[in-house]
**Student:** 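Sending over a structure as structure tokens; questions will come in a sec.
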Amino acid sequence: MSDIDKVLLAAINSQYIHSNTAVYYMREILVAVGLSAEVKSFNINDEKHDILRRIIYCRPKVVCFSCYIWNISMIYELCKDIQKIDQSIKIILGGPEVSYEPAEALDKSGADLIIRGEGETVIAEAVRNILAGELPKHTGCYYKTDNKIIDTGFAITNDLETIPSPFTEFMMEKEKGRLIYYEASRGCPFNCIYCLSSATTGVRYFPLDRVFSDINTICGYKTAVVKFTDRSFNINETRTLEILGFIKNLDTDACFHLEIFPSKLNEKILTALEEMPCGRVQLEAGIQSVNIETLKASGRIQDSQQALSNMKRMVLARNMHIHLDLIAGLPKESMKSFRNSFNVTIDTQPHMLQVGFLKLLKGTAARKMENYIYESEPPYEVLSTPWMTFFELSEIKQVSQCVDMFYNTGRFGSYLLYMHNKFPGAYEFYKKLIEYLNNNGVSLRGISRDNKYRTLAGFANNDDIAIEHLRYDFMSSYRAKEIPDYLGGNPIGREEVFNFLSDESNRVLYLPEYVNASPKKLYKMCNIGIFDFGTGLGKYLFKYDSRDNVTGLFAAISIQI
């Protein structure tokens, strides 16, 4: 095949830092059969005309787009423009957003072919057929010919071992510095109504020796974050322990993001996680709801109490970032029920709480639920349910934004824990905080660091203990030599801090690694805070040369003055 028959695989990611592994799978398969294949990565924030120019300048014979809810609207526009510029360019669409309702995708894009399902067994023959002017007939193809629709069904790659690894020098050089998505398996043993993994049956695994080889390759390129896309990473105990053991012993600074099923973390896996080097893994766990009827109706039955207990244990291990998920708009979940789910989940003190909203994706069982109102266009987010009104969901949306603005930054932990406990539940705290923001004209977007602290100080309404907690947060988060007056100012002077650091016995006790350093040098990298939390004075030495690998906060050492 000559270079004139070039195939361009286009990935349009949701953010610059993200990568798309699917196009590299396809590229390796095409190259293996002698086709000339190139990969171009863009993101949805790129200017559309620039994407179009870069595609056309490649002079491809075939353009293949990988389609998802975040990029499908842009892809439809690009398809139409490509056809206007050069009708000889053939267009193939694949991915979850076009696999389940291909007729709509074909109509909106004018593409020559839709690949339905997993493309590894389809792409090579489909491209060769199109280049030869022939009609593809194998499983996974949807197209129109002579005003007749041809649908050959949904493609599944049963033997994952036959797929060439995409993690080659070609991919890793192009994606250097970006988050790498990795799959050790496909499918899921559960049947959650909102997840496309439930559209196929069972779980298929890549061989462990291949997984280990891929991970070694990825880490060799100094990748910062490797995100496993396995829907329930811990569902197979033997494989989970083997992969965790391999990751634990790597000589790497990479962090591995694992999506786990929290109630199925048994003692062996919990212990293995606790023994991980600090920052080596981070966990994302779908709590979704603690309402048992909601979980049953959603196809995700789990022991919520056990799930939250396990995640609290992982938070207390202090060696990994814990990210918990809730979904608003699930069946049989009322506002009262959701508030309870929110409160008991945030009480475990995860490092991040993401409140998502049910998306009725094409191909999922959720799409067929009655009396659900949802957005007509991607991401198909729920607008109202039989159990929750639009106004209630809108309130939750604001709470979610408020949680992102304050809680998920990790900068206000001491203050928020104190304030949560002053209300019947954390949800009620955020609801009241939103009222305060609205009444004072504070936007939920674009608020500066200083205004965040000012806002929380104002909301405390002269609660001195709350201000003390907020000042502690400020000094834990920033190299704070001058404390703002609204946070109480500097409770201890420069001279007193300098004298403390000049005392050799204090350096031996609290800063043994700097016992011979000059007080002047130490003063540049330390500060002291005295706080009245209502239980007596607390005195802390803040070390600004040392950050916690999990929270990113500066070290705070309890001291005696």
Side-chain angles (χ1 to χ4, degrees), residues 1-13 19-42 55 58 60-68 75 89-99 102 111-143 152-175 180-187 200 204-207 209-211 213-215 217-218 229:
M1 195 68 66
S2 68
D3 193 55
I4 198 169
D5 292 322
K6 181 187 289 184
V7 180
L8 177 64
L9 298 150
I12 303 179
N13 302 313
S19 62
N20 181 314
T21 307
V23 292
Y24 291 99
Y25 275 120
M26 300 302 113
R27 192 252 178 193
E28 293 307 309
I29 291 168
L30 292 173
V31 169
V33 298
L35 291 165
S36 174
E38 177 60 282
V39 171
K40 292 286 184 185
S41 293
F42 312 98
I55 290 173
C58 285
K61 283 292 183 179
V62 180
V63 177
C64 304
F65 286 104
S66 187
C67 303
Y68 305 88
I75 287 174
I89 297 176
K90 303 299 182 182
I91 298 174
I92 298 176
L93 304 185
E97 185 55 22
V98 299
S99 289
D112 297 277
L113 174 69
I114 308 294
I115 291 180
R116 300 189 62 208
E118 298 174 6
E120 291 92 358
T121 60
V122 185
I123 189 68
E125 284 304 308
V127 168
R128 285 197 288 204
N129 287 153
I130 283 179
L131 288 172
E134 299 172 355
L135 301 176
K137 295 183 172 60
H138 42 278
T139 302
C141 296
Y142 186 99
Y143 56 93
T152 63
F154 198 90
I156 297 291
T157 307
N158 290 311
D159 188 358
L160 299 184
E161 191 170 2
T162 63
I163 307 172
S165 173
F167 300 101
T168 62
E169 181 181 0
F170 178 86
M171 174 182 174
M172 297 310 300
E173 285 293 339
K174 278 183 170 288
E175 302 298 332
I180 297 298
Y181 289 92
Y182 187 77
E183 56 177 356
S185 64
R186 288 185 184 174
T200 57
R204 292 159 286 151
Y205 297 102
F206 285 95
D209 57 351
R210 165 165 167 170
V211 172
S213 175
D214 285 344
I215 292 174
T217 298
I218 293 167
T229 59

**Student:** If you measure from the Lys or Arg side-chain nitrogens to the Asp or Glu carboxylate oxygens, is any gap between Glu120 and Arg186 under 4.0 Å?
**Tutor:** yes
**Student:** Applying salt bridge (charged side-chain N to carboxylate O under 4.0 Å, His left out), which residue pairs with at least one partner in residues 156-174 are found, sequence neighbours left out?
**Tutor:** Glu38-Lys174, Glu173-Lys176
**Student:** Minimum heavy-atom separation for Phe65 and Ile91, please, with both atom names.
**Tutor:** CD1-CG2, 4.3 Å
**Student:** For a quick test of reading the model, state the closest non-hydrogen atom pair linking Ser19 to Ile180 and the distance between them.
**Tutor:** OG-CA, 3.7 Å
**Student:** Is there side-chain contact between Lys40 and Leu9, with at least one heavy-atom pair below 4.5 Å?
**Tutor:** no
**Student:** Please confirm whether the backbone N or O of Asp209 pairs with a side-chain atom of Ser213, one donor and one acceptor, at under 3.5 Å?
**Tutor:** no
**Student:** If you measure from CD1 on Ile130 to CG on Leu113, what distance do you get to the nearest 0.5 Å?
**Tutor:** 4.5 Å
**Student:** Quick one: CE on Met171 to OG1 on Thr217, what's the gap to the nearest 0.5 Å?
**Tutor:** 11.0 Å
**Student:** Work out which heavy atom in Tyr24 is nearest to a heavy atom in Ser41; give both atom names and the distance.
**Tutor:** OH-OG, 4.0 Å
**Student:** State whether the side chain of Arg116 and the backbone N or O of Phe154 hold a donor-acceptor pair below 3.5 Å, judged by distance alone.
**Tutor:** no
**Student:** Name all residues meeting the side chain to side chain contact (heavy atoms under 4.5 Å, CB included) criterion together with Ser66; count only those two or more places apart in sequence or in a different chain, and write none if there are none.
**Tutor:** Asn20, Ala22, Val23, Tyr68
**Student:** Checking side chain to side chain contact (heavy atoms under 4.5 Å, CB included) for the pair Val62/Ile89: CA distance, chi angles, key distance, verdict?
**Tutor:** CA-CA 6 Å; Val62 180; Ile89 297 176; over 6 Å; no
**Student:** Do Ile156 and Arg204 touch side chain to side chain, with heavy atoms closer than 4.5 Å?
**Tutor:** yes
**Student:** If you measure from CG on Leu160 to CD1 on Ile163, what distance do you get to the nearest 0.5 Å?
**Tutor:** 5.0 Å
**Student:** If you take all heavy atoms of Pro60 and Ile55, which pair is closest and at what distance?
**Tutor:** CD-O, 3.3 Å
**Student:** Can you tell me how far apart OG1 (Thr157) and CD (Glu118) are? Round to the nearest 0.5 Å.
**Tutor:** 4.5 Å
**Student:** Of the options Ile115, Val63, Ile75, which is the one that meets Leu93 in a side chain to side chain contact (heavy atoms under 4.5 Å, CB included)?
**Tutor:** Ile75
**Student:** Do Cys64 and Leu8 come close enough that some side-chain heavy atom pair is under 4.5 Å?
**Tutor:** no
**Student:** Assess, by modelled atom type and distance only, whether the side chains of Tyr25 and Glu183 contain a donor and an acceptor separated by less than 3.5 Å.
**Tutor:** yes
**Student:** Step by step, work out the side chain to side chain contact (heavy atoms under 4.5 Å, CB included) result for Ser36 and Val7.
**Tutor:** CA-CA 6 Å; Ser36 174; Val7 180; over 6 Å; no
**Student:** If you compare all heavy atoms of Arg210 against all heavy atoms of Pro166, which two are closest, and at what distance to 0.1 Å?
**Tutor:** NH2-CD, 4.0 Å
**Student:** Can you give me every donor-acceptor pair (side chain of residues 134-143, partner residue at least two apart or in another chain, under 3.5 Å) with its distance?
**Tutor:**
from, atom 1, to, atom 2, distance (Å)
Glu134, OE1, Asn129, ND2, 3.4
His138, NE2, Val122, O, 3.4
Tyr143, OH, Pro136, O, 2.7

**Student:** Report yes if the distance between the aromatic ring centroids of Phe167 and Tyr182 is under 6.0 Å, otherwise no.
**Tutor:** yes
**Student:** Will you find, in the side chains of Ser165 and Glu28, an N or O donor that is under 3.5 Å from an N or O acceptor?
**Tutor:** no
**Student:** Minimum heavy-atom separation for Leu131 to Lys61, with atom names?
**Tutor:** CD2-CB, 3.7 Å
